[in-house]
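Reviewing the structure listed below.
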Amino acid sequence: MKILITGATGLVGRHLTEHLRLRHPDAELYPMNRQELDITDRQRVEEVFKTLRPDFAVNCAAYTKVDQAEIERDKCYAVNVEGTRHLASAAARTGSTLVHLSTDYIFDGKKRSPYVETDPANPLNYYGLTKWESEQVTRELLDRRIIIRPAWIYGKYRDNFVTRVLQWARGKDVIYASNDQTGSPTRADELAEFIAFMIFKHPQAYGTYHFSGEGEATRYDMAVEIIRTAGLNVRVEAVPSSFFKPLAKRPPYSVLSKEKIKRLWQYPVRHWRESLREFVKEIVSL
Ligand SMILES: NC(=O)c1ccc[n+]([C@@H]2O[C@H](COP(=O)([O-])OP(=O)(O)OC[C@H]3O[C@@H](n4cnc5c(N)ncnc54)[C@H](OP(=O)(O)O)[C@@H]3O)[C@@H](O)[C@H]2O)c1
């Protein structure tokens with residue numbers, strides 16, 4: 001099994017590479033960072049696919065700065081839409097399966113019950129719009145595609161909400177977290193495990209799948225849990241998200257339903273709180 005991983009030094013890319021190395025040592029892995037494979041370079045993408053002819057390519061490369069994307073629209077489009085187009089068309093030529101990552105930010109948050117895979121997309125920000133287009137491009141060009149939508153990812157690599165809360169809390173009496181956006185936190189190593197599950201157990205289950213922790217949370221709920229688990233004497237104050245003056249709008253509600261993967265494979269989805277507690281204990285004890 002030959003697996004190409006793009007964006008291999010990103011949060012998900014690193015967790016996935018680590019997971020596959022440890023749990024699937026027989027797989028032939030080709031983790032590539034932006035320097036090794038810039039997905040906006042069509043020729044280079046074609047060349048890599050032609051040379052490697054991977055069974056699977058997992059696209060962990062993306063422009064992920066949600067606020068900055070409002071300003072750097074061209075850059076965001078080039079990576080998220082054009083880059084994905086290059087991967088999908090190269091995969092179609094070599095008969096490879098593309099596992100592509102999308103996001104809960106394709107939804108507008110008007111629902112008040114968990115979003116299912118077939119709910120209509122209506123992104124509120126430019127990043128979300130490009131991710132939705134990246135899904136469409138993949139569907140147009142390629143039958144062998146597995147699109148996974150995670151949300152609010154955290155892990156031990158790269159800056160993310162959990163590591164930021166722990167940094168903010170250093171030497172402070174109070175920190176602020178928003179309580180007007182409700183979503184589904186996703187632990188990156190659990191996402192990596194789900195991607196591996198699809199590749200090794202259901203390699204032909206082409207389609208779109210939601211994956212995140214079970215339950216729902218606001219950033220405030222997460223911050224309270226992080227501070228409590230880390231044993232810090234810091235008060236968390238709930239504020240509206242406008243307090244942080246974000247450039248991009250975000251959906252007020254983007255909880256993802258995991259009913260599809262539970263129904264199809266009885267996939268064991270852990271509650272976000274249990275996963276987060278365990279994660280914080282691990283990194284605090286490092
Ligand atoms: N993080 C979240 O909360 C979240 C939530 C929902 C969905 N997602 C999706 O999950 C996927 C993985 O995100 P992540 O959190 O791992 O993001 P990340 O940590 O920002 O990683 C993205 C990676 O893509 C690389 N990259 C950027 N432009 C590239 C290009 N032109 N060619 C090749 N690589 C390029 C980056 O390289 P550099 O290191 O050089 O910048 C980085 O390593 C993305 O599709 C994202 O949209 C993320």
Side-chain angles (χ1 to χ4, degrees), residues 4-19 30-45 48 57-69 72 74-88 90 98-107 115 121 123 125-135 137-138 145-165 181 183-192 194-195 208-213 217 219 222 248 250-251 254-256 272 276:
L4 167 68
I5 302 171
T6 63
T9 47
L11 174 59
V12 177
R14 280 189 74 174
H15 276 278
L16 180 65
T17 305
E18 184 178 274
H19 179 88
Y30 297 91
M32 294 194 177
N33 62 25
R34 190 209 294 244
Q35 285 68 42
E36 290 160 311
L37 175 58
D38 180 337
I39 64 167
T40 64
D41 182 342
R42 189 175 58 81
Q43 269 185 343
R44 174 75 185 133
V45 171
V48 166
V58 186
N59 182 24
C60 298
Y63 181 106
T64 56
K65 293 177 225 145
V66 179
D67 290 303
Q68 193 67 11
E72 296 185 327
D74 293 351
K75 270 194 188 171
C76 179
Y77 190 89
V79 182
N80 292 356
V81 183
E82 291 305 328
T84 307
R85 189 193 304 281
H86 301 154
L87 293 170
L98 180 67
V99 179
H100 178 58
L101 295 172
S102 184
T103 170
D104 57 325
Y105 283 179
I106 64 157
F107 296 120
Y115 279 93
N125 57 47
Y126 192 72
Y127 162 80
L129 185 76
T130 61
K131 294 301 292 186
W132 173 238
E133 274 198 44
S134 76
E135 288 193 18
V137 158
T138 308
R145 54 170 197 261
I146 295 174
I147 297 173
I148 300 175
R149 297 187 188 132
W152 297 23
I153 308 175
Y154 65 90
K156 63 184 169 185
Y157 302 123
R158 288 241 171 165
D159 196 26
N160 55 75
F161 184 72
V162 179
T163 54
R164 275 200 298 271
V165 165
Q181 283 161 7
S184 300
T186 307
R187 194 168 136 164
D189 52 1
E190 292 176 2
L191 172 60
F194 179 68
I195 296 170
T208 303
Y209 303 94
H210 287 175
F211 182 83
S212 69
R219 297 289 187 185
M222 286 181 78
R250 287 163 173 77
S254 60
V255 176
L256 299 173
W272 70 266
L276 179 62

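In each ligand, atom 1 is the first atom listed, and ligand 1 is the first ligand listed. For reference, positions follow the sequence shown, starting with 1.
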Ligand-protein N/O pairs under 3.5 Å (ligand 1):
{"from": "ligand 1", "atom 1": "3 (O)", "to": "Ile153", "atom 2": "N", "distance (Å)": "2.8"}
{"from": "ligand 1", "atom 1": "16 (O)", "to": "Leu11", "atom 2": "N", "distance (Å)": "3.2"}
{"from": "ligand 1", "atom 1": "16 (O)", "to": "Val12", "atom 2": "N", "distance (Å)": "2.8"}
{"from": "ligand 1", "atom 1": "19 (O)", "to": "Leu11", "atom 2": "N", "distance (Å)": "2.9"}
{"from": "ligand 1", "atom 1": "20 (O)", "to": "Thr64", "atom 2": "OG1", "distance (Å)": "2.6"}
{"from": "ligand 1", "atom 1": "24 (O)", "to": "Ala62", "atom 2": "N", "distance (Å)": "3.2"}
{"from": "ligand 1", "atom 1": "31 (N)", "to": "Asp38", "atom 2": "OD1", "distance (Å)": "2.9"}
{"from": "ligand 1", "atom 1": "32 (N)", "to": "Ile39", "atom 2": "N", "distance (Å)": "3.0"}
{"from": "ligand 1", "atom 1": "39 (O)", "to": "Arg158", "atom 2": "NH2", "distance (Å)": "2.2"}
{"from": "ligand 1", "atom 1": "40 (O)", "to": "Arg34", "atom 2": "NE", "distance (Å)": "2.9"}
{"from": "ligand 1", "atom 1": "40 (O)", "to": "Arg34", "atom 2": "NH2", "distance (Å)": "3.4"}
{"from": "ligand 1", "atom 1": "41 (O)", "to": "Arg34", "atom 2": "NH2", "distance (Å)": "2.9"}
{"from": "ligand 1", "atom 1": "43 (O)", "to": "Gly10", "atom 2": "N", "distance (Å)": "3.1"}
{"from": "ligand 1", "atom 1": "45 (O)", "to": "Leu101", "atom 2": "O", "distance (Å)": "3.3"}
{"from": "ligand 1", "atom 1": "45 (O)", "to": "Lys131", "atom 2": "NZ", "distance (Å)": "2.6"}
{"from": "ligand 1", "atom 1": "47 (O)", "to": "Tyr127", "atom 2": "OH", "distance (Å)": "2.6"}
{"from": "ligand 1", "atom 1": "47 (O)", "to": "Lys131", "atom 2": "NZ", "distance (Å)": "3.0"}

Trp152 to Gln181 - nearest heavy-atom pair and separation
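Answer, listing the atom of Trp152 first, then Gln181: CH2-O, 3.5 Å.
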Over all heavy atoms of both residues, which pair between Thr84 and Val137 is shortest? Give the atoms and the distance, please.
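That closest heavy-atom pairing would be C-CG1, 4.4 Å.
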Salt bridge (charged side-chain N to carboxylate O under 4.0 Å, His left out): which pairs involve residues 126-135, sequence neighbours left out?
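Found Glu135-Arg139, Glu135-Arg149.
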Atom pair NE2/CG of His15 and Leu191 - distance to nearest 0.5 Å:
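Here the interatomic distance stands at 9.5 Å.
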Heavy-atom count around Asp159 CG within 6.0 Å, excluding the residue itself: above 12?
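Atom CG in Asp159 is packed in, count exceeds 12.
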Counting only heavy atoms from other residues, nucleotides and ligands, does the tally under 6.0 Å from CZ of Arg44 exceed 12?
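Count over threshold, so yes.
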